[in-house]
Amino acid sequence: MLSRLAPSAAVRSAVSGSNAVRFASAAAPKKEKAAAKAPQDSESFCMNLFRGKAIVDQVFPYPLNLDDERKETLQMILDPTTKFLSEVNDVVKNDENAETPMATLKQFAELGAFGALVPPEYEGAGMNNTQMARLAEIVGSHDLGLGVIMGAHQSIGYKGILLVGTEEQKNKYLPDLATGRKFAAFCLTEPTTGSDANSVRSTARKSEDGSHYILNANKIFISNGGFADVFTVFAQMPIKQADGTTKNKVTAFIVERGFGGVTNGPPEKKMGIKGSNTAVVDFENVKIPKENLLGAEGEGFKVAMNILNNGRFGIPAAMVGAQKHCIKKTIEQVTTREQFGSKIEEYGDVQEKLTNMIAKQYACESILYILASNMDRGVQDYQVEAAIAKVFTSECAWTTCDDAIQLHGGMGFMKETGLERVLRDLRIFRIFEGANDIMRIFVGLTGIQHAGKHLQAQASGGIGGMIGLALGRFSGPSGAFDSVVDPALKTSAASLDNCVSLFGRTVQDLIVKHKKGIIHRQFEVTRVAEAAIDIYAMAATLSRCTETAKTAGTVADYERKVANYFCETAAVRVVNHLKEASASNDTLVSTIKDIAKTACNNGANPIAHPIDIV
Ligand code: MYA
């Protein structure tokens, strides 16, 4: 997987070479071509971060900007949705019965929840991403299983039709899907295709007369697979290349259950999100009319990435909702529970746990609405930010729920408290829609690739460029945050500035040190990604708090404390991760490899039980 994940045509070429400033490309022709291209500039905060540059325009001022009309229409959906979630939908029953009744889903559909982003001309609610994020937050705070049904349907299930569908496809499918008369599912995963999305083995071929495609596919872990009527399916298709050869390339299709040859397995038995349906879906010699090609032949991987990037903010939204639920329950608990003669809210350890929950939730929410707002204002280059949001929020929600359970003591472990269900539900969010481990490597390598390309260009820019590199081009913090933050956040801004500078220097040193070998240095890449995640969270937090400070009077004092606390703790993590990434790790990495490989080669952990050796 890494040879491609390291996509990095660009990393491979940009960081290849025999010494620090000579990026001699030892790569294949396609890669040489990529290396020869001038590096693209990016407006993305995170992409620039990898070059040690603080380009703040996408983060400051806080871009959330819902006009009154959108706020009003949002409220018109939120009120009945909250009522529905508290009074109609029964999350406990859904979990116990491992099913959300279709009647409940139909009622939910009437509120417009299944067509949030669909324009009204296709019978949708016409929301933007910011509005939808708020809606998904509310759903996530009540029922993550229902959130998955909703997300699998519209964030990925029919998102391809919305993003790249033809007018005919939109007219034909969106009205039924937006109103929940029909449900959709996203069919990418296969028994041998998980994180490595490009490796699908399902096949599609064009009929002799060109009127239709014939699809054979075996898809697993398909959310909504048991009842969906419309599927976005990815399969390999032989595509004629410019040189006359034929190559299998992923292609996307819209498939109706009614085409025939579509069957599904029984609902999978899962650890959590039991109220959602997950099933195998098989497609056997399914005849797909040629009009149902989604995007272009051979462009399915791009379509899949586009859908996943675009839909990814749904998870952060649900995670923010789940965190709020856990925090609410924790506050109820610590303010009522007495031990050792005091309410447990009086103890420092309890206070620290709750403060961390609040600070993380604040950072997650800040990131979420930057992402959604930037998407709304047409920012295109957001895939790294979306991946960061997915990883950060799903991990914060997990630790928050875990701490909430801990603070409930034995009661936290009991079903009736309701937190064990949330913890079970939350577990999958670190796995699906891009496993967090893969997303971290994606963040790290995409950023390193970007920095590598620019370094390469600098190095080939003659003696001046080489001297610049040899001297190190980072002269220190840029001061970019100082003028854009609230005065009470200036210390945090300075700390963020230091982190950005240290980050850029560390990335450059890693590229120079490891050259193309960085692709195989997951120890370093994951730590760089962790640092990028915290830096982005710091920036998002300071931006949001600066905005609040303009309007919120004394409420802002509390927020300032939270924002400063988050930044102080995040900066420590950033420095530690970067220190680890830039240390001489060869011995440690080799020890890690030896221990793991020895166990794998042995087929089991080779360490004997102490009773057996004494
Ligand atoms: S659905 C299944 C989810 N599956 C995944 O997410 C798969 C994860 N894997 C990948 O994304 C890719 O395979 C990775 C790379 C990233 C690992 N954006 O050689 P490459 C470009 C834009 O690196 P690979 C599910 O779980 C790249 O630059 N471009 O590719 C259901 C390069 O371009 P070029 C990208 O190693 C869950 C080219 O592609 C991206 O094969 C249910 C090749 O790159 C990108 N991201 O793969 C969800 N990646 O050639 C329910 C790569 O030009 C939701 N590229 O250099 C619940 C929601 C909750 C509630 C919501 C309420 C609404």
Side-chain angles (χ1 to χ4, degrees), residues 45-46 49 54 59-60 62 316 319-320 322-324 326-327 330-331 334 345 347-370 385 388-404 406-407 430 436 440 443 477 481-482 485-503 506 526-546 548-549 556-582:
F45 177 86
C46 293
L49 177 59
V59 181
F60 291 91
Y62 198 61
M319 296 301 91
V320 165
Q323 283 169 284
K324 283 182 181 170
C326 293
I327 290 171
T330 300
I331 293 172
V334 302
E345 64 172 300
Y347 299 113
D349 183 49
V350 173
Q351 290 163 357
E352 190 177 344
K353 282 192 172 68
L354 179 59
T355 295
N356 280 329
M357 288 180 191
I358 289 169
K360 283 180 184 171
Q361 189 275 326
Y362 186 77
C364 288
E365 196 172 57
S366 306
I367 283 183
L368 165 64
Y369 287 100
I370 287 187
E385 280 81 357
I388 284 179
K390 193 268 173 183
V391 173
F392 183 66
T393 58
S394 58
E395 309 238 326
C396 287
W398 175 260
T399 50
T400 291
C401 186
D402 189 47
D403 278 346
Q406 193 68 20
L407 290 176
R430 289 161 55 206
N436 285 9
R440 263 193 208 97
V443 167
F481 301 101
D482 189 69
V485 297
D486 176 75
L489 302 171
K490 281 188 186 285
T491 305
S492 294
S495 159
L496 170 59
D497 219 347
N498 281 327
C499 287
V500 172
S501 173
L502 181 64
F503 185 88
T506 306
T526 52
R527 280 155 180 81
V528 164
E530 281 295 348
I533 291 169
D534 264 323
I535 290 174
Y536 185 51
M538 288 168 77
T541 299
L542 293 179
S543 169
R544 180 213 179 152
C545 189
T546 297
T548 312
D557 292 341
Y558 183 75
E559 271 196 45
R560 285 192 191 98
K561 270 194 195 112
V562 171
N564 280 325
Y565 175 78
F566 178 80
C567 288
E568 197 176 331
T569 48
V572 172
R573 291 193 297 269
V574 169
V575 170
N576 285 340
H577 279 125
L578 293 178
K579 210 184 273 174
E580 282 181 15
S582 51

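Only a predicted model underlies this, so the values are computations on that prediction, with no experimental measurement involved.
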Quiz item: If every non-hydrogen atom of R527 is compared with every non-hydrogen atom of A581, which pair is closest and at what distance?
Solution: CB-CB, 4.1 Å
Quiz prompt | T393 side, atom OG1; L368 side, atom CG - distance, nearest 0.5 Å | solution = 8.0 Å
Quiz prompt | Y62 and T546: CA distance, side-chain angles, deciding distance, side-chain contact (heavy atoms from CB on, under 4.5 Å) verdict | solution = CA-CA 8 Å; Y62 198 61; T546 297; over 6 Å; no
Self-check item: Under 3.5 Å: donor-acceptor pair, side chain of Q351, backbone of E345
Solution: yes
Quiz item: Does NZ in K490 sit with more than 12 non-hydrogen atoms of other residues, nucleotides or ligands closer than 6.0 Å?
Solution: yes
Quiz item: Are side-chain heavy atoms of L542 and L496 found at a separation under 4.5 Å?
Solution: yes
Quiz prompt | L578 versus A531, closest heavy-atom pair with distance | solution = CD2-CB, 3.6 Å
Self-check item: Side-chain heavy-atom pair P316, I367 within 4.5 angstrom cut-off
Solution: no
Quiz item: Which one of T506, N498, V500 satisfies the side-chain contact (heavy atoms from CB on, under 4.5 Å) criterion with L502?
Solution: T506
Quiz item: Does any non-hydrogen side-chain atom of I370 lie less than 4.5 Å from one of F60?
Solution: no
Exercise. Answer yes or no: is there a side-chain heavy-atom contact under 4.5 Å between Q361 and T400?
Key: no
Quiz item: Do the side chains of M357 and C326 get nearer than 4.5 Å, heavy atoms only?
Solution: no
Quiz item: Taking the side chain from N564 and the backbone from A488, do they hold a donor-acceptor pair closer than 3.5 Å?
Solution: yes
Quiz prompt | Backbone of A539 reached by a side-chain donor or acceptor of S543 within 3.5 Å | solution = no
Self-check item: Separation of F481 CZ from S492 OG (nearest 0.5 Å)
Solution: 12.0 Å
Quiz prompt | C499 side chain reached by M538 side chain, heavy atoms, under 4.5 Å | solution = yes
Self-check item: Side chain R440, main chain V391, donor-acceptor under 3.5 Å
Solution: no
Self-check item: Rounded distance [0.5 Å steps], CZ in F392 versus NZ in K360
Solution: 7.5 Å
Quiz item: Can you tell me how far OG1 of T548 sits from OH of Y362, rounded to the nearest 0.5 angstrom?
Solution: 4.0 Å
Practice problem: Could you go through the salt bridge (charged side-chain N to carboxylate O under 4.0 Å, His left out) check for K324 and E365 one step at a time? | Solution: CA-CA 10 Å; K324 283 182 181 170; E365 196 172 57; 2.5 Å; yes
Quiz item: Are N356 and E352 close enough that some pair of their side-chain heavy atoms sits under 4.5 Å apart?
Solution: yes
Quiz prompt | Atom of D497, atom of P477 and distance for their closest heavy-atom approach | solution = CG-CB, 3.7 Å
Practice problem: List the atom of Q323, the atom of C396, and the distance in Å for their closest heavy-atom pair. | Solution: NE2-CB, 3.5 Å
Exercise. Answer with yes or no whether the side chains of E385 and Y536 bring together a donor and an acceptor at under 3.5 Å.
Key: no
Quiz item: Could you go step by step and tell me if I358 and Y558 meet the side-chain contact (heavy atoms from CB on, under 4.5 Å) rule?
Solution: CA-CA 11 Å; I358 289 169; Y558 183 75; 3.6 Å; yes
Quiz item: Taking all non-hydrogen atoms of both residues, which atom of T330 and which atom of L407 are closest, and how far apart?
Solution: CG2-CD1, 3.6 Å
Quiz item: Roughly how far, to the nearest 0.5 Å, is the CZ atom of R544 from the OH atom of Y369?
Solution: 9.0 Å
Practice problem: Output all residues satisfying ring pair (Phe, Tyr, Trp, His ring centres under 6.0 Å) with F503, sequence neighbours left out; order by chain, then residue number. | Solution: F50
Practice problem: Starting from the C-alpha separation in whole Å, work towards a yes-or-no answer on salt bridge (charged side-chain N to carboxylate O under 4.0 Å, His left out) for K353 and D403. | Solution: CA-CA 7 Å; K353 282 192 172 68; D403 278 346; 5.3 Å; no
Quiz item: How close do S366 and A540 get, heavy atom to heavy atom, and via which atoms?
Solution: CB-O, 3.6 Å
Exercise. Measure the CE-CD distance between M319 and E395 for me, rounded to the nearest 0.5 Å.
Key: 11.5 Å
Practice problem: Take atom OH of Y347 as the centre, draw a 6.0 Å sphere, and report whether it contains more than 12 heavy atoms from other residues, nucleotides or ligands. | Solution: yes
